[in-house]
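Right, one structure below, let's go through it.
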Amino acid sequence: MSIKVCKFGGTSMADGNIMKRVAQIVTADEKRRYVVVSAPGKRFGGDIKVTDLLYQCYKQAQAGELSAFDETFSKIRNRFLYIEKEIDKNLGLDGLLNDIKEKILAGESEDYCASRGEYLAANIMASVLDIPFVDATEFIRFNQDGLLDESTYELGASLLKKYPRAVIPGFYGLDANGKIKTFSRGGGDISGAIVANAVAAELYENWTDVSGFFACDPRIVQNPKCISSLSYQELRELSYMGANVLHSEAIFPVRVAGIPIRICNTFRPEDAGTFIVPKVTGVDLDTPVTGIAGKKDFTVISIEKSMMNAEIGFTMRLLSVLDRYGVSFEHLPSGIDTISLVIDNEYLQNGLLEKLVQEIKETVHPDIVHIHEDIALVATVGHGMKQNVGTSARLFKALSEAGINVQMIDQGSSELNIIVGVDGKDCENCINAIYHEFF
Ligand code: ADP
Ligand code: ASP
Ligand code: MG
């Protein structure tokens, strides 16, 4: 029988009643045999995700702030014990929580600590569904470089063959030393995609709190259009650039196996949702743009030097500076006498920007170096842009009419996206202006 893998995010695990609703969704389709879950998320505005509480506990334990630690850990305990009561089962969660608390206080790692939300949620869901719990540590493996180890897929395939149905915690696996290691935040989506690959699923369903992938972030534009289908490539561009409804790395495990993804709403399961497929068929010429996404906190280092274009090895020497400091760049737009490095601020902490600029000056002897801090990148993405003359003219006209100053432009070589750099404060306005031009 063909298989669907369902991943349920934090809001779908938020309390016991929602977990019961999740069980109804799973049992409504007998193909839904593998369930991957996140830790309980927010129940209401202002609530704190269990994962955030766990990170807080780790910090407090490390700092020896024991009464603050106890207070935070109690919040976690109360949430889980309340869920246990709501689902009306005795799972012995209190004992499990005591054991976790002891381990954190004894110095277990941050990743161990963060992973316990998914571990407990998966145990609860397995009991609600009355199917086995299979721990992600049994098959999800990271290599020495901290990347997903290829052995994961084979291990997962042979293990899960023994379980016709199972609940698996998302977000973590084991590192090369046998210790728990998590993916980056939101990484439960990657775990779900790995399971889909391992069991050769016909579909990877990602259940969340919105009815699909929207043309832009619904927290920025009210009621944006829901995209009925988009390609893996469009998804990758949009999620990487901030459309965090799906983790940007979740695409890889399913792409190699050609498994489509469906984004669905736990609170409106009847809605069609969005399909993410290897290739979109037929481009709608009236809407050249599929979606828009933005990400803040970049720095642009613009370098000018006369005759740069004729100086053999200039770019190589420039990039060798980044290499020496272990800094990666996001974009590298260039002109005849200019080149800009667009770098995520995460790399430029603790005075590294100043050191980097100094070394660039010493290495490539530019005429002028400009630094624009606090830049946001906004990507406009769509396969339809290739066929549509005038898409960029429309985009830049909309930005100029909205009074937005464009600091940088970059167009991907696949003509799938146009990226503009704007001041951080203009990010939301920029997304709004582009959205209303094309939708
Ligand atoms: P989960 O906890 O289910 O994994 P996330 O919070 O990770 O859910 O992702 C869902 C959220 O992503 C939505 O509530 C929405 O606010 C946000 N989001 C950002 N960009 C988009 C987009 N383009 N389409 C839909 N949702 C988006
Ligand atoms: N619970 C983790 C987080 O909050 C992972 C996930 O939800 O996918 O980031
Ligand atoms: Mg998520």
With distance as the sole criterion, is a donor-acceptor pair present between the side chains of [X] and [Y] under 3.5 Å?
X    : Y    : result
N417 : Q411 : no
H247 : S239 : no
D217 : Y435 : no
Y240 : E330 : yes
T299 : E373 : no
Y204 : N206 : yes
R77  : N98  : yes

Could you pull out the closest heavy-atom pair between [X] and [Y], with the gap in Å?
X    : Y    : result
G188 : V36  : O-CG1, 4.2 Å
M385 : T380 : CE-O, 3.4 Å
P40  : M13  : CB-O, 3.4 Å
C430 : V420 : SG-CG2, 4.0 Å
D189 : A250 : O-CB, 3.6 Å
P253 : N197 : O-ND2, 2.9 Å

Report yes or no: is the cationic atom of [X] (NZ for Lys, CZ for Arg) closer than 6.0 Å to the six-membered ring centre of [Y], at no more than 45° off its axis?
X    : Y    : value
K181 : F142 : yes
R185 : Y55  : no
R79  : Y82  : no
K101 : F69  : no

Show me the donor-acceptor pairs within less than 3.5 Å that the side chains of residues 106-114 make with the rest of the protein, sequence neighbours left out.
unit_1, atom_1, unit_2, atom_2, d
S109, OG, Y112, N, 3.1
D111, OD2, T182, N, 3.1

Test side chain to side chain contact (heavy atoms under 4.5 Å, CB included) applied to V167 and N123, step by step: CA-CA 8 Å; V167 180; N123 270 286; over 6 Å; no
Atom [atom1] of residue position [X] - does it have more than 12 heavy atoms of other residues, nucleotides or ligands inside 6.0 Å?
X    : atom1 : answer
K42  : NZ    : no
E202 : CD    : yes
K20  : NZ    : yes
Q144 : CD    : no

Any chance you could lay out the side chain to side chain contact (heavy atoms under 4.5 Å, CB included) test for D423 and D374, step after step, and finish with the verdict? CA-CA 6 Å; D423 283 340; D374 189 22; 5.8 Å; no
One pair to check against side chain to side chain contact (heavy atoms under 4.5 Å, CB included): V134 and L159. What are the steps and the verdict? CA-CA 9 Å; V134 173; L159 175 73; 3.6 Å; yes
I need the N90 CG to E84 CD distance, nearest 0.5 Å.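 Result: 5.5 Å between the selected atoms.
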Going by heavy atoms in the side chains, are M408 and H372 under 4.5 Å from each other?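 Result no, sub-4.5 Å side-chain heavy-atom pair not found.
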Evaluate side chain to side chain contact (heavy atoms under 4.5 Å, CB included) for L246 paired with R236, printing each intermediate quantity in order. CA-CA 9 Å; L246 199 73; R236 169 86 180 132; over 6 Å; no
Without placing hydrogens or testing angles, list every side-chain donor-acceptor pair under 3.5 Å for residues 396-404, not counting sequence neighbours.
unit_1, atom_1, unit_2, atom_2, d
K397, NZ, E401, OE2, 3.3

Which of parallel (below 30°), tilted (30 to 60°) and perpendicular (above 60°) describes Y119 and F133?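 Geometry flag for F133 against Y119: perpendicular rings.
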